[in-house]
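Atoms considered below: every heavy atom in the structure, side chains included; atoms not considered: hydrogens, waters and symmetry mates. Below, chain A is the first sequence line, B the second, and so on; all start at residue 1.
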Amino acid sequence: MSDKPASPASPEKNENSNPASDFIREAVAADLASGKTKEVRTRFPPEPNGWLHIGHTKAFLIDFGVAADFGGKCNLRFDDTNPEKEDMSYVEAIKRDIAWLGCDWEDREFYASDYYERLYELAVKLIRKGVAYVDDLSAEQMSEYRGTAVADKSNITVTPPGRNSPWRDRSVEENLDLFARMRAGEFPDGSKTLRAKIDMAHPNLLMRDPPMYRIRREPHYRTGTTWCIYPMYDFQHPLSDAIEGVTHSLCSLEYEIHRPLYDWFIREAEVFPSRQIEFARLSITHFVLSKRWLLRLVQEGRVAGWDDPRMPTLSGLRRRGYSPEAIRDFISRIGVAKTDSMVDVQFLEHCLREDLNKRANRVMAVLRPLKLVVENWPAGKVEQLEAVNNPEDPAAGTRKVPFSGTLYIERDDFMETPPPKYFRLFPGNSVRLRYGYIVTCTGFSKDPASGEVTEVRCSYDPATRGGDAPDNRKVKGTIHWVDAPSAVKLEARLYDHLFEAERPMDVPEGKDWVETINPKSLETVAGALGEPGLAAAKPGDRFQFERLGYFCADNDSAPGALVFNRTVSLRDTWAKIEKKGG
RNA sequence: UCCCCGGUUGUGUAAUGGUAGCACGACAGACUCUGGAUCUGUUUGUGGGGGUUCGAAUCCUCCCUGGGGAACCA
């Protein structure tokens with residue numbers, strides 16, 4: 001398996017899902033049926049100020065998916081109207097990640113910053129209509145006039161009624177002149193804003209004359225210093241949608257309260273009537289899904305970067321070994337609703353295992369090697385044994401693995417005095433070496449100082465070549481192994497949840513959530529060994545290490561210095577039994 | 001406090017006035033050359049009270065409860 005973009009959703013999958021299978025699709029279907037919408041157009045509007053995470057994936061899979069389900073198109077539009085935070089490197093990362101998930105925006109790569117001139121004209125139109133004005137109030141004054149309660153988190157009191165700004169009734173001519181001079185750079189940053197004239201007594205505070213433009217002298221990553229005024233989200237977003245003919249503007253619940261504004265600007269600007277519909281954003285246990293928080297982890301060096309395999313970013317998940325198919329499947333199975341929900345990370349991992357189980361080739365590797373000597377093995381003899389690459393996929397074929405009298409097994413697979421129900425290797429017990437022979441433990445050596453087992457000895461039954469028992473005897477345990485002379489060294493990076501707490505943000509008062517990072521979220525195992533074929537693995541290649549889990553060759557991996565990330569472990573029934581017993 | 005939006009098994013999601021279903025988890029078992037995979041079975045739910053109706057998760061009402069908002073960010 002290698003690291004390729006996901007193929008488009010298979011047709012069978014689409015047949016299974018009713019086109020109107022969630023409230024958004026129902027709404028779109030209704031708009032189509034009533035004739036209000038002729039051709040569906042959606043958009044995914046990321047701000048290029050961070051890398052995409054799995055929460056964004058839900059959003060753009062809905063955007064692209066809804067369009068596709070109704071024979072429409074989805075635009076990619078960078079919502080880049082805040083020059084302070086945005087950067088071209090984010091644009092590239094975002095495009096790469098969306099493509100990886102198999103979404104295609106074709107030639108529809110748009111930028112809100114391309115609409116600055118058009119948006120300016122629409123602002124002038126609103127001024128002419130008398131529904132926008134230039135205000136001289138400072139930010140603090142404006143907040144006070146709007147009736148915003150003073151920031152006292154513990155005790156916010158009744159929202160005071162709003163008061164009109166003294167500049168609210170400037171003439172159209174004066175507003176036009178002032179706005180033009182704002183653009184021309186005649187006023188200092190923050191000294192004036194353009195505001196919509198709506199209703200300073202509105203119960204929805206957002207409707208109390210929201211700012212449309214601010215003065216900010218900050219070079220923009222695309223428009224440079226062409227502009228010193230920048231449009232605000234509430235003004236810019238609906239009109240950008242309208243410019244593109246977006247019929248359904250799908251966004252997360254936090255924008256629900258903005259919808260009256262969205263509709264107001266469309267109505268007053270007399271532009272294409274896009275319709276905003278909101279859905280619940282994705283939350284997953286043990287994950288932090290907020291660009292702002294992720295940025296902090298990166299900036300403070302708490303993780304190795306945006307693509308650290310512990311990060312919930314798409315680049316992190318990709319590097320970890322997640323397949324785009326598994327992510328798509330997960331997103332489609334959690335559904336779309338308006339209920340705030342917290343999906344159990346186990347469900348994500350279930351979808352992952354389900355996909356990888358079907359597609360990842362099996363291979364044997366030993367994380368913590370323990371030498372196993374086959375005492376009755378003919379000296380110098382080496383056999384090539386046939387091993388199945390993927391029992392779930394006969395087309396994956398078979399391979400040869402070498403077998404000699406000196407092997408390594410997993411340290412966990414031997415116990416001097418086993419607990420009940422342990423059916424791996426212990427003195428006197430027989431076990432099958434996967435695709436090898438049935439062996440019986442004859443003895444072991446210990447380091448007298450440390451008490452550590454240094455070597456295990458066994459005898460093999462030549463009649464059981466390949467692992468079959470001609471006498472039909474039951475051998476309960478089958479363990480994996482590598483041939484000592486031919487084994488390749490590798491480094492294994494074992495990951496666990498970045499945060500131990502289900503809800504990492506729920507930290508006690510006074511405690512910083514970044515301090516709750518799981519100290520065991522990365523365990524590096526340097527001395528692991530793998531079968532010889534692993535030497536050819538290239539970064540991004542995915543395997544199942546038998547009985548251990550799914551692993552993916554890391555970007556850091558190179559011939560002679562192999563590095564594998566554990567994507568996810570296999571389900572481990574034994575661990576459960578052990579836990580119960582203890 | 002005000003405004004907006006929600007509450008269906010442990011979790012997520014269906015049922016759109018007509019048998020509360022599906023998936024994951026959990027538990028039990030079968031099978032197995034991965035204690036993997038697969039298969040079978042079991043368990044638990046409409047936040048509460050009142051109302052409309054032959055019939056309510058669904059409609060009305062009151063209450064309880066959770067989330068969001070009050071940036072010259074998006």
How close or far is atom C1' of rG36(B) from atom CD1 of I479(A), stated in whole angstroms? 16 Å
Need one value for R432(A): base, sugar-phosphate or nothing, where a base atom within 4.0 Å counts as base even if backbone is also close, heavy atoms only. base
Can you check the K476(A) NZ to rC31(B) C1' distance for me, whole Å? 11 Å
Rounded interatomic separation in angstrom, taking CZ from F423(A) and P from rG36(B): 8 Å
Taking only side-chain nitrogens and oxygens of R571(A), does any of them come within less than 4.0 Å of OP1 or OP2 of rA37(B)? yes
F23(A) CZ to rA57(B) C1', in whole Å, measures 18 Å
Could you measure between the two C1' atoms, the one in rU53(B) and the one in rG18(B), and give it in whole Å? 12 Å
Quick one: label I284(A) by what it contacts on the DNA or RNA (base, sugar-phosphate, nothing), any heavy atom closer than 4.0 Å. nothing
Between rG48(B) and rU11(B) - P atom distance, rounded Å: 15 Å
Is the NZ or CZ atom of R183(A) both under 6.0 Å from the centre of the six-membered ring of Y120(A) and within 45° of that ring's axis? yes
Grab the OH-C1' distance between Y255(A) and rG69(B) for me, whole Å please. 13 Å
E47(A), nearest nucleotide to its side chain (from rC24(B), rA74(B), rG35(B)): rA74(B)
Select one nucleotide: of rU34(B), rA74(B), rG69(B), the one nearest the side-chain heavy atoms of Y233(A). rA74(B)
Determine the Euclidean distance between corresponding C1' atoms of rU46(B) and rA20(B); express it in Å to zero decimal places. 8 Å
Please, what dot-bracket string fits RNA chain B when only Watson-Crick and G-U pairs with both distances under 3.5 Å count, crossing ones use [ ] and pairs to another strand use |? .((((((..((((....[..)))).(((((.......)))))....(((((..]....))))))))))).....
Rounding to a whole Å, what distance do you find between L570(A):CG and rG36(B):P? 8 Å
Output the rounded distance in Å from CZ (F287(A)) to C1' (rU11(B)). 15 Å
